[in-house]
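For reference, the structure discussed in these notes is given below.
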There are 2 protein chains.
Amino acid sequence: MAYRATEATRRNAELKRRAFLRAARSLVAAHGFGGATVQAIAAESGASVGSVYSYFDGREDLLAEVFRSAAGHELGVVRDAAAGAGEGAVARLDALVRTFAGRALQGRQMAWSLLFEPVTPAVEAERLVYRSSYTGLLAEIVGDGVAEGVFAAQDVALAASAVLGAISEALIGGLRPGDRPAASAEADAAIVEGIRLFCFRALGTEETL
Amino acid sequence: MAYRATEATRRNAELKRRAFLRAARSLVAAHGFGGATVQAIAAESGASVGSVYSYFDGREDLLAEVFRSAAGHELGVVRDAAAGAGEGAVARLDALVRTFAGRALQGRQMAWSLLFEPVTPAVEAERLVYRSSYTGLLAEIVGDGVAEGVFAAQDVALAASAVLGAISEALIGGLRPGDRPAASAEADAAIVEGIRLFCFRALGTEETL
DNA sequence: CCAAGTTCTGAATCCAGTTTCACTTCTTCC
DNA sequence: GGAAGAAGTGAAACTGGATTCAGAACTTGG
């Protein structure tokens with residue numbers, strides 16, 4: 001009995017684990033999930049390929065965690081923005097759309113990866129989870145709006161999906177990486193505004209805030 | 001000089017080529033592009049693996065052609081339905097949505113493959129082409145509607161994308177293969193109706209046809 | 001410093017497919 | 001029938017990455 005895991009050891013392991021996650025995340029943000037090969041992740045964090053496997057069950061596992069963390073962060077920001085916008089459904093939807101779309105147009109590559117990039121099944125499963133978190137959030141807002149009478153009566157779940165799809169697809173032109181070298185802030189603002197108006201009309205509200 | 005390609009020969013070659021395409025298409029319709037391995041295609045058409053390569057440059061080439069043909073057919077049907085619905089933008093949009101969504105809910109697996117299945121770059125490129133055909137078609141209708149005054153004034157291109165996204169995403173719940181064993185005709189009709197109403201509201205029309 | 005245990009390393013291996021190609025079979029024409 | 005060329009075959013080679021694992025390099029407590 002001459003070696004036993006110590007505090008420092010454990011902390012170190014935790015740091016290394018995080019380093020892998022950080023490296024992978026930065027690779028995804030730069031080149032998408034496809035660019036996050038085990039080789040690249042190891043190189044980026046200055047460790048060996050094999051070492052990745054003592055911290056994660058495999059590439060899928062690691063990337064799923066990266067997805068969860070990145071998507072979870074976005075979801076949190078969007079949720080907070082909506083919650084912080086007050087009581088009214090209109091204000092909450094407004095905040096949600098602005099935040100979601102605005103942020104996507106900032107980190108374009110990451111947004112594309114989270115929303116559209118073809119990924120392996122394990123990661124796709126994570127995506128599904130977040131997708132339904134968003135539709136859940138939207139459904140809540142739409143439902144409240146219908147109850148308040150500011151939105152038209154409608155199938156709430158379907159409307160939530162459709163709104164999410166509309167936002168995503170309208171964004172995609174502006175997202176698809178490698179499309180344009182850079183889109184101006186004004187162009188981005190116009191896209192967000194267009195999406196906003198579309199969504200409000202779709203839900204059947206008069207006041208546009 | 002003892003052998004030269006004859007009429008029968010050429011016809012035969014053409015038939016075989018089509019047999020490969022048909023086999024691949026049926027595999028895609030049943031199991032998606034992922035299920036259309038070269039092995040499976042060869043087996044399905046009762047030929048050898050190698051033989052595929054004397055008719056196509058490779059798997060990508062073959063699958064791209066399958067995509068083109070399937071998506072082109074759908075697009076044609078949808079376009080015809082819209083054109084056949086008369087002059088008004090409302091009627092044309094109505095026909096487009098009904099046709100697009102209705103048909104997707106019939107061949108679910110194929111629709112999912114054409115719309116969402118992760119595919120190789122060459123096939124994805126085809127998808128992009130058809131996506132923009134649809135948004136083009138939609139943009140035309142929306143533009144006309146705005147001119148007619150039956151739709152609200154808006155960014156036509158953005159609205160077209162958003163409508164396509166709304167339809168697709170609203171469908172996806174009903175499409176994702178393996179989700180449900182079978183959805184009833186009534187449920188399908190309700191989905192189509194919901195999408196229809198959503199789109200009309202989104203474009204800002206009063207009369208819903 | 002040593003022994004015992006842990007972590008790290010990266011070349012070798014595996015894997016699930018696609019692609020090739022030497023060989024066989026079939027067609028055509030004389 | 002036989003020569004010349006086309007088409008078909010399928011086992012073997014290839015591909016590009018993930019995954020493994022035997023040994024090297026560390027850590028710890030004595």
Side-chain angles (χ1 to χ4, degrees), chain A residues 1-21 23-24 27-28 31-67 117-124, chain B residues 1-21 23-24 27-28 31-67 117-124:
Chain A
M1 172 261 294
Y3 178 104
R4 214 173 355 124
T6 181
E7 192 45 42
T9 299
R10 236 171 281 118
R11 183 180 2 268
N12 225 32
E14 185 51 29
L15 284 178
K16 189 152 192 191
R17 191 184 150 79
R18 284 197 195 148
F20 281 132
L21 287 169
L27 282 164
V28 171
H31 314 292
F33 286 96
T37 63
V38 177
Q39 291 275 353
I41 294 167
E44 179 84 6
S45 37
S48 72
V49 169
S51 158
V52 169
Y53 289 83
S54 35
Y55 291 88
F56 300 91
D57 282 349
R59 187 176 108 109
E60 289 268 286
D61 179 39
L62 167 44
L63 290 188
E65 191 159 339
V66 167
F67 190 102
E117 185 179 358
V119 291
T120 50
V123 179
E124 183 65 29
Chain B
M1 174 261 294
Y3 177 103
R4 214 173 354 128
T6 182
E7 192 47 41
T9 299
R10 236 170 282 118
R11 181 177 8 265
N12 226 33
E14 184 53 27
L15 284 179
K16 187 150 192 193
R17 185 172 208 285
R18 284 198 197 145
F20 281 131
L21 287 170
L27 282 165
V28 171
H31 313 292
F33 285 97
T37 64
V38 177
Q39 291 275 355
I41 295 167
E44 178 83 6
S45 37
S48 72
V49 170
S51 160
V52 169
Y53 289 83
S54 36
Y55 290 88
F56 300 91
D57 283 350
R59 188 176 106 110
E60 287 269 284
D61 180 39
L62 167 44
L63 290 188
E65 191 159 338
V66 168
F67 190 101
E117 185 181 358
V119 292
T120 50
V123 178
E124 182 65 30

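Note on naming: letters A, B, ... go to the chains in the order of the sequence lines (proteins, then strands), and numbering restarts at 1 for each one.
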>> Looking at every non-hydrogen atom in both residues, tell me the closest pair between A:A36 and A:A24 and how far apart they are.
In response: CB-O, 4.5 Å
> Can you check whether B:Y55 has a side-chain N or O nearer than 4.0 Å to OP1 or OP2 of D:dA7?
Replying inline: no
> Can you tell me how far P of D:dG10 sits from CD1 of B:I41, to the nearest Å?
Replying inline: 17 Å
> What are the two closest non-hydrogen atoms of B:A5 and B:R10, and how far apart are they?
Replying inline: O-NH2, 3.5 Å
>> Looking at B:E44 and B:L27, would you say the former's side chain and the latter's main chain have a donor-acceptor pair under 3.5 Å?
In response: no
>> Minimum heavy-atom separation for A:F33 and A:E117, please, with both atom names.
In response: N-OE1, 2.8 Å
> Nearest-Å distance, CD (A:E14) to P (C:dT7)?
Replying inline: 13 Å
> Can you check the B:H31 NE2 to C:dG17 P distance for me, whole Å?
Replying inline: 14 Å
> Separation of B:D61 atom CG from C:dT20 atom P, in whole Å?
Replying inline: 12 Å
> So what does B:A47 touch, heavy atoms closer than 4.0 Å: a base, only the sugar-phosphate, or nothing?
Replying inline: sugar-phosphate
> Rounded to whole angstroms, how far apart are CZ on B:F33 and P on C:dT18?
Replying inline: 14 Å
Are there any protein N/O atoms within less than 3.5 Å of an N/O atom in nucleotides 26-28 of chain C, and if so, which ones and at what distance?
from   : atom 1 : to   : atom 2 : distance (Å)
C:dT28 : OP1    : B:T9 : OG1    : 3.4
C:dT28 : O2     : B:A2 : O      : 2.1

> What are the two closest heavy atoms between A:S51 and A:S54, and how far apart are they?
Replying inline: O-OG, 2.8 Å
Distance-only donor-acceptor pairs under 3.5 Å for side chains of residues 60-67 of chain A, two or more places apart:
from  : atom 1 : to     : atom 2 : distance (Å)
A:E60 : OE1    : A:A122 : N      : 3.4
A:E60 : OE2    : A:T120 : OG1    : 2.2
A:D61 : OD2    : A:D57  : N      : 3.0
A:E65 : OE1    : A:R17  : NH2    : 2.7
A:E65 : OE2    : A:R17  : NH2    : 2.9

>> Both A:G46 and B:G50 contact DNA chain C. Which one's nearest nucleotide lies toward the 5' end?
In response: A:G46
> Is it the case that more than 12 heavy atoms not belonging to B:E14 sit under 6.0 Å from its CD atom?
Replying inline: yes
> B:F56 vs B:F20 aromatic rings, parallel, tilted or perpendicular, using cut-offs 30° and 60°?
Replying inline: perpendicular
Can you name the atoms? Protein N/O to nucleotides 15-19 of chain D N/O, anything below 3.5 Å, with the distance.
from   : atom 1 : to    : atom 2 : distance (Å)
D:dA18 : OP1    : A:R59 : NE     : 3.0
D:dA18 : OP1    : A:R59 : NH1    : 3.3
D:dA18 : OP2    : A:V38 : N      : 3.3
D:dT19 : OP2    : A:Y53 : OH     : 2.7
D:dT19 : OP2    : A:R59 : N      : 2.9
D:dT19 : O5'    : A:Y53 : OH     : 3.4

>> Rounded to whole Å, please give me the gap between CZ in B:F20 and P in D:dA7.
In response: 13 Å
> Can you name the closest pair of heavy atoms from B:S45 and B:A19 and give their distance?
Replying inline: CB-O, 4.1 Å
>> Output the rounded distance in Å from CD (B:E7) to P (D:dA6).
In response: 17 Å
